[in-house]
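We name chains A, B, ... by the order of the sequence lines, and we start the count at 1 in each one.
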Protein chains: 2
Amino acid sequence: MDKKVTIYDLAKELNVSPATISRALNDHPSISLNTKKRIVSYAQRSGYRINKFAANLSKQKSNTIGVIVPKLNSYFMSSVLSGIEKVANGHNYNLIISQSLESENKEKLNTQTLYDSGVDALMVSLAFGTENYDHFALFRDQKIPLLFFDRVCHLPNCPTITIDNRKAGADATEHLIQNGCKNILHVGGHLKRNVYTDRFTGFKDALNKYGLEYKPSNFIETNLDAAKIEEIIDHLINSKEKFDGIFFANDAMAVACMQSLLKKGYRIPEDIKIIGFNNNPISEIIQPNLSTINYPGYELGVLAGQSIISHLNGNINIESAESILLKHELIARASSSSTN
Amino acid sequence: MDKKVTIYDLAKELNVSPATISRALNDHPSISLNTKKRIVSYAQRSGYRINKFAANLSKQKSNTIGVIVPKLNSYFMSSVLSGIEKVANGHNYNLIISQSLESENKEKLNTQTLYDSGVDALMVSLAFGTENYDHFALFRDQKIPLLFFDRVCHLPNCPTITIDNRKAGADATEHLIQNGCKNILHVGGHLKRNVYTDRFTGFKDALNKYGLEYKPSNFIETNLDAAKIEEIIDHLINSKEKFDGIFFANDAMAVACMQSLLKKGYRIPEDIKIIGFNNNPISEIIQPNLSTINYPGYELGVLAGQSIISHLNGNINIESAESILLKHELIARASSSSTN
DNA sequence: ACATATTACGCAACCGATTGCGTAATTATA
DNA sequence: TATAATTACGCAATCGGTTGCGTAATATGT
């Protein structure tokens, strides 16, 4: 058990060729049932373990999927990853996970590393600032499946998986309007990313639908860092505008804002109504409970995983890149309830 | 750019041997500066990319670290992973992450897969039910560094990284006692895992220190699934005991319990004082804010990453397995504050 | 100028599987 | 029974780097 056993060792011991060993262990049809049993059994007993380095080299395939996410440690993203891992693991794929930490450059480096590592596919949720997508060309050139989820971009033949952020943004905004808001602030994320521009567009859609005027002061672009909530509060308080509703692009910001406002004596929803995004568990803990849009991360991960696996299995034509839209759902809670 | 370029292609083109190409690209000292430049430059231009399958095979090293966690999608664990990834990435290591989903069997399978994948090291946080550690023998036999974090077991030469859970459990309990609690319930996790037995032991330490009697009814073993909070509530309400304090082994359970109790009309901390564990962000959102023990996940991840990297670099003797204890910290908030 | 060191590189074995092709042995067909 | 078809396996090339050892060319020392 000390030195590693190779198929050559097995071959010598059993008086067959290494080729036969290899075929037997891979259940190749041209090996008789008897020798298969003999070989598998002996391999077992001898403590043989395949050397994937060698197998990968000759097969040019690693059974590994690369994943790049902005950061691992967020409720949403870790749910997604959990879903992806569940599916991948069930299909004998390993996951190499790396974080871009919202840096375009790190995303680029990670992309190259994962390419070099020979991943069979790559799944990406883009960093805030990524503007150039050339680093993905390697994958396209080599026809390695490439899939984007949540923060996506549309490259030829690359499936994308998201919710309908525009519709969701409109739903959230419409909900505030229907509960009486006339002047709504939208606190969004970087407009380079589809998820935030779409929500923003949906926001304007809804205003428009209800004949409410959109002014630049109705929007703030942020990096969604809850630690900087005071900037938002300042904008809110110092603005000439009197906002009666806020639509946040994520729950963490919404909650941070609520806490600050409540401390300052604001009443929610009486003075101002608030809705978030993502349905993070904290939305059900904050008092009053936070209305939000349910964005099912785990399910998204599962779908993304299944999609990439079927591509890898050739079940789906690589050329036919589908765009999957998950269902979202408005969850109305106390933070936005009508008060008249 | 279509076919993959190999060192043999470069060698032919530049009229040198593949060996020289390899050495040049790896900055080997025995290659002259000039040829190095010539080779590196041409490799660049030709779109050469190393084939790690081949490199790994001949070096028997993958620059990859395997990680097995119970589940990815928890605040604590995703923080840990984020820290590990940060360090690993900074040292050119990739991370293969898999979840045991609290199943001993899946943990076993994942261990074998990661072994076969040729990870250079393995980091594990154990599943709830794991009782047998034989699946790690492969790693010990091959002298592949193996490290346990958070939910650890003590195998020879395996570093472990945790906080001092016993002391932390005692601190939490002592805090409740000092705030007037006389009859405290401890809601813990599976006693197979050190983190929960240690917290439980600390709990009893503290009772003992203050001359409070420990009775079996002062403890419930749970799987820490917040969805099953009603069982706890039942125990609490139906017990002959009149508990005036609860020490939860994690914040999620504590928060779920608080929500249920508040809904039932209990006053916290007046009727019952509560302390959690982990310092999950929700502890600062629930009203009243939840007292807890700060268990710094990200820092733990960073330390764990650094530890394994130094082992891999040979900076630390593999035989000298250290046990790292992180500092924890009691965070007193309103949920446990004295009311007399 | 001659002996010794050093530099810079090539040769070839090696890492451990996979797989197309060929063939001896066995079975089926006529 | 002669021939065709199967079955079961071996040969050897291949995947693409890495590295110990050997050596020609150049540099250093006296």
*Asks:* Would you call Arg151(B) and Glu102(B) a salt bridge, taking side-chain N to carboxylate O under 4.0 Å as the test?
*Replies:* yes
*Asks:* How long is the line joining CZ of Phe53(A) and C1' of dC15(D), in whole Å?
*Replies:* 15 Å
*Asks:* Indicate, with a heavy-atom threshold strictly under 4.0 Å, whether Asn34(A) touches base, sugar-phosphate, or nothing.
*Replies:* nothing
*Asks:* Please report the distance, rounded to the nearest Å, between CZ in Arg38(A) and C1' in dC9(D).
*Replies:* 12 Å
*Asks:* Output all residues satisfying salt bridge (Lys or Arg N to Asp or Glu O under 4.0 Å) with Lys86(B), sequence neighbours left out; order by chain, then residue number.
*Replies:* none
*Asks:* When the distance from CG of Asp9(B) to C1' of dG16(D) is rounded to whole Å, what number comes out?
*Replies:* 10 Å
*Asks:* Return each pair, listed once, that meets salt bridge (charged side-chain N to carboxylate O under 4.0 Å, His left out) where at least one residue sits in residues 31-41 of chain A; pairs must be two or more places apart or across chains.
*Replies:* Asp27(A)-Lys36(A)
*Asks:* I'd like to know whether Arg193(B) forms a side chain to side chain contact (heavy atoms under 4.5 Å, CB included) with Thr130(B), so could you lay out the CA-CA distance, the side-chain angles of the two residues, the decisive distance to 0.1 Å, and finally the verdict.
*Replies:* CA-CA 8 Å; Arg193(B) 291 282 71 85; Thr130(B) 302; 3.9 Å; yes
*Asks:* For Lys37(B) and dC9(C), what is the distance between atoms NZ and P respectively, to the nearest whole Å?
*Replies:* 14 Å
*Asks:* Please give, in whole Å, the distance from dA13(C) P to Gln60(B) CD?
*Replies:* 20 Å
*Asks:* Could you tell me, to 10°, how much the axis swings from one end of the helix from dA1(C)-dT30(D) to dA30(C)-dT1(D) to the other, five pairs per end?
*Replies:* 30°
*Asks:* Pair up each side-chain donor or acceptor in residues 62-72 of chain B with any protein partner under 3.5 Å, not counting sequence neighbours, and list the distances.
*Replies:*
unit_1   : atom_1 : unit_2    : atom_2 : d
Ser62(B) : OG     : Thr64(B)  : N      : 3.3
Ser62(B) : OG     : Gly118(B) : O      : 2.7
Ser62(B) : OG     : Asp120(B) : OD1    : 3.4
Thr64(B) : OG1    : Ser62(B)  : O      : 3.2

*Asks:* For Thr160(B), which residues count as a side-chain hydrogen bond (donor to acceptor under 3.5 Å, both in side chains) partner, sequence neighbours excluded?
*Replies:* Ser323(B)
*Asks:* Please encode protein proximity along nucleotides 17-22 of chain C as a string of B, S and -, counting only heavy-atom distances under 4.0 Å.
*Replies:* BBBBB-
*Asks:* Would you please name every residue forming a ring-ring contact (aromatic ring centres under 6.0 Å, His included) with Phe149(A), sequence neighbours left out?
*Replies:* none
*Asks:* Using the closest heavy atom to pick a nucleotide of DNA chain C for each, name whichever of Leu57(B) or Lys36(B) lands nearer the 5' end.
*Replies:* Lys36(B)
*Asks:* Taking CG from Asn56(A) and P from dG17(D), how many angstroms apart are they, rounded to a whole number?
*Replies:* 15 Å
*Asks:* According to side-chain contact (heavy atoms from CB on, under 4.5 Å), who are the partners of Val5(A), at least two apart in sequence or on a separate chain?
*Replies:* Asp9(A), Leu10(A), Ser46(A), Tyr48(A)
*Asks:* From NZ of Lys61(B) over to P of dG16(C), roughly how many Å is that when rounded to an integer?
*Replies:* 17 Å
*Asks:* Would you please name every residue forming a salt bridge (Lys or Arg N to Asp or Glu O under 4.0 Å) with Arg49(B), sequence neighbours left out?
*Replies:* Asp116(A)
*Asks:* Classify the nucleic acid contact of Ser32(A) as base, sugar-phosphate or nothing, counting any heavy atom under 4.0 Å across all strands shown.
*Replies:* sugar-phosphate
*Asks:* What integer distance in Å separates His28(B):NE2 from dG17(D):P?
*Replies:* 17 Å
